[in-house]
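A short worksheet on the structure shown next.
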Amino acid sequence: MSERIGVAILGSTGSIGASTLDVLQRHPDRFRVAALTAHRDVEALFRQCLTYEPDVAVLADADAAERLRERLRASGRSVEVLAGVAGLEHAATLPEAAYVMAAIVGAAGLLPTLAAARAGKRVLLANKEALVMAGPLFMAAIRQHGAELLPIDSEHNAVFQCLPPDFAHAGLAAVGVRRILLTGSGGPFRTAPLAQLAEVAPEQACAHPNWSMGRKISVDSATMMNKGLEVIEAHWLFEAPTAAIEVVVHPQSVIHSMVEYQDGSVLAQLGNPDMRTPIAHALAWPRRLASGVAFLDFARLGTLEFQAPDLARFPCLRLAFAALEVGGAAPAVLNAANEMAVQAFLDRRIRFTDIAAVVEHVLEQVSVSAAGDLAAILEGDLEARAVAGRWIAAWALEV
Ligand code: NAD
Ligand code: MG
């Protein structure tokens, strides 16, 4: 039997983490779990350790890591337990893991994901915020260290599948690409009366019509900030000029994205909205692997619809394009402000419509560095969080 490929899963207790483990356990002859990491959910990571027997388990929270260590010791398991960012970076660079699933949510994923790139891993990138914050730096690390970058975000995975294998070397123009068409469902409020948006509750924002996801990305989908982050992600991932990236609203989430070529051809990738398809694709690339996803039934599908995005309804999409235009640390500032605002909305401290307002104020107030080095990015992130925190406190609703 050939050697099994070790996989480290950063963010294993989340939605992408669970889908990744689901695909891996279908192929025990090909893969083994080398590392599992999470924020502070001791119980969830403990159960995963019993099932998957990784070499290393990491909790970002040090107290939680200590509790996990004790539980594993008591159960007689020999799993090395580490804590903090250093622990996450250790998991991301483990010699036993050739593949790293980067599925931490938000800016917290940046350093470990970057560490995986620098260690020359096959990086399965779900953590789009890392690329939004540090696109040029991250892409340079991938190239310099001979790492492989496979997009997990369904749109980018679809685009990747619709591009020829040499696109990264040749460039999009040379391979005849005219536009990248990123599809997005428009989320749960695509047709809701605009006047109601100020009153929507977190549960409504998290109830996505087609996808089941973590809470942060669910809210991002409802504001369409998710699509804005994905435009920035596509810009770096495919070296695509901003003018060559277009967002198309497609409520059924069956076409996951498209690439238009100079000759008028449009290639699309279709499938049921289930993240196990892009995960299996990235694990098996350039081959294919059974994922457990139900196959499409076109007769049942019936109709596929398309619309232009409504920027008045979704101001976050406009703000993301604006941040990309400014460049430097501006996308990191946008991302940090959005993370703060989404958390405040989930905590019922601000209204849904305040999310875009917070992001817009922060983008206006924080003077962004044109430099794109890690120090400038982390500084932009911190300052944006401080400014956002002040606005949120000033606007906080009575609870
Ligand atoms: P989730 O909230 O379900 O899971 C997040 C994971 O990250 C958990 O394991 C959590 O413990 C861990 N985590 C959170 N904060 C952390 C911290 N400070 N330090 C260390 N670990 C931390 O999120 P998700 O929906 O699985 O999304 C993960 C990433 O994948 C996000 O960047 C999201 O945008 C992206 N993504 C998700 C989907 C989806 O369908 N869920 C689709 C495309 C892209
Ligand atoms: Mg996506």
Side-chain angles (χ1 to χ4, degrees), residues 8-22 35-45 47-48 57-62 64-65 68 82-92 101-113 115 123-133 150-160 182-187 206 208 210-221 224-234 237 247 250 253 255-257 269 272-279 282 293 335 338-339 342-343 346 381:
I9 307 177
L10 311 178
S12 64
T13 58
S15 165
I16 293 288
S19 295
T20 304
L21 287 167
D22 183 283
L36 295 171
T37 86
H39 189 196
R40 56 183 157 213
D41 189 341
V42 177
E43 193 51 42
L45 198 59
R47 275 186 271 110
Q48 288 188 342
V58 183
L59 284 170
D61 183 278
L68 177 67
L82 301 170
V85 177
L88 295 172
E89 291 183 346
H90 181 84
M101 166 55 81
I104 293 174
V105 61
L110 174 60
L111 295 178
T113 306
V123 181
L124 285 64
L125 184 77
N127 179 212
K128 68 191 84 185
E129 294 91 346
L131 206 51
V132 166
M133 293 175 75
L150 286 153
I152 295 299
D153 215 348
S154 57
E155 296 76 4
H156 306 74
N157 184 271
V159 169
F160 185 92
L182 291 182
T183 54
S185 69
C206 288
H208 196 279
N210 309 328
W211 296 95
S212 154
M213 310 180 284
R215 279 158 67 81
K216 194 262 178 181
I217 185 176
S218 296
V219 176
D220 284 348
S221 298
M224 280 193 87
M225 178 59 95
N226 182 50
K227 211 51 54 183
L229 299 177
E230 290 180 355
V231 167
I232 301 174
E233 185 185 8
L237 210 46
V247 173
H250 163 46
S253 301
I255 294 183
H256 298 310
S257 277
Q269 186 261 357
N272 272 314
D274 187 320
M275 291 306 292
R276 291 177 299 174
T277 293
I279 291 166
V293 175
N335 176 66
N338 181 58
E339 281 187 30
V342 168
Q343 191 57 52
L346 287 171
D381 173 273

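Computed from a predicted model, the values in this text were never measured in an experiment. Counting starts at 1 for both ligands and their atoms, following the listed order.
Contact between Gly187 and His208 at its shortest, heavy atoms only, is CA-NE2, 4.0 Å.
Residues Lys227 and Glu155 form a side-chain contact, since some pair of their non-hydrogen atoms from C-beta on lies under 4.5 Å apart. Leu88 has its side chain out of reach of Leu111: every pair of non-hydrogen atoms, C-beta onward, lies at least 4.5 Å apart. With a 4.5 Å cut-off on side-chain heavy atoms, Glu129 and Leu110 do not count as touching. You'll find the side chain of Ser154 stays beyond 4.5 Å of the side chain of Thr277, heavy atoms only. By the 4.5 Å heavy-atom criterion applied to side chains, Leu125 and Asp153 are not counted as neighbours. With a 4.5 Å cut-off on side-chain heavy atoms, Ile217 and Val105 do not count as touching. For the pair Trp211 and Ser221, the minimum side-chain heavy-atom distance is 4.5 Å or more.
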Between ligand 1 and the protein, which N/O pairs fall short of 3.5 Å?
residue  : atom   : partner : partner atom : Å
ligand 1 : 3 (O)  : Ser15   : N            : 2.9
ligand 1 : 9 (O)  : Gly11   : O            : 3.3
ligand 1 : 9 (O)  : Thr13   : N            : 3.3
ligand 1 : 9 (O)  : Thr13   : OG1          : 2.7
ligand 1 : 9 (O)  : Gly14   : N            : 3.1
ligand 1 : 11 (O) : Thr13   : OG1          : 3.3
ligand 1 : 11 (O) : His39   : N            : 2.9
ligand 1 : 25 (O) : Gly214  : N            : 2.9
ligand 1 : 26 (O) : Ser15   : N            : 3.1
ligand 1 : 26 (O) : Ile16   : N            : 2.9
ligand 1 : 30 (O) : Ala126  : O            : 3.4
ligand 1 : 32 (O) : Glu129  : OE1          : 2.6
ligand 1 : 41 (N) : Ser15   : OG           : 3.3

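Using modelled atom types, one side-chain atom of Thr183 and one backbone atom of His256 make a donor-acceptor pair closer than 3.5 Å.
Taking a cut-off of 2.8 Å, the protein N, O or S atoms nearer than that to the Mg ion (ligand 2) are Asp153 OD1, Glu155 OE1, Glu230 OE2.
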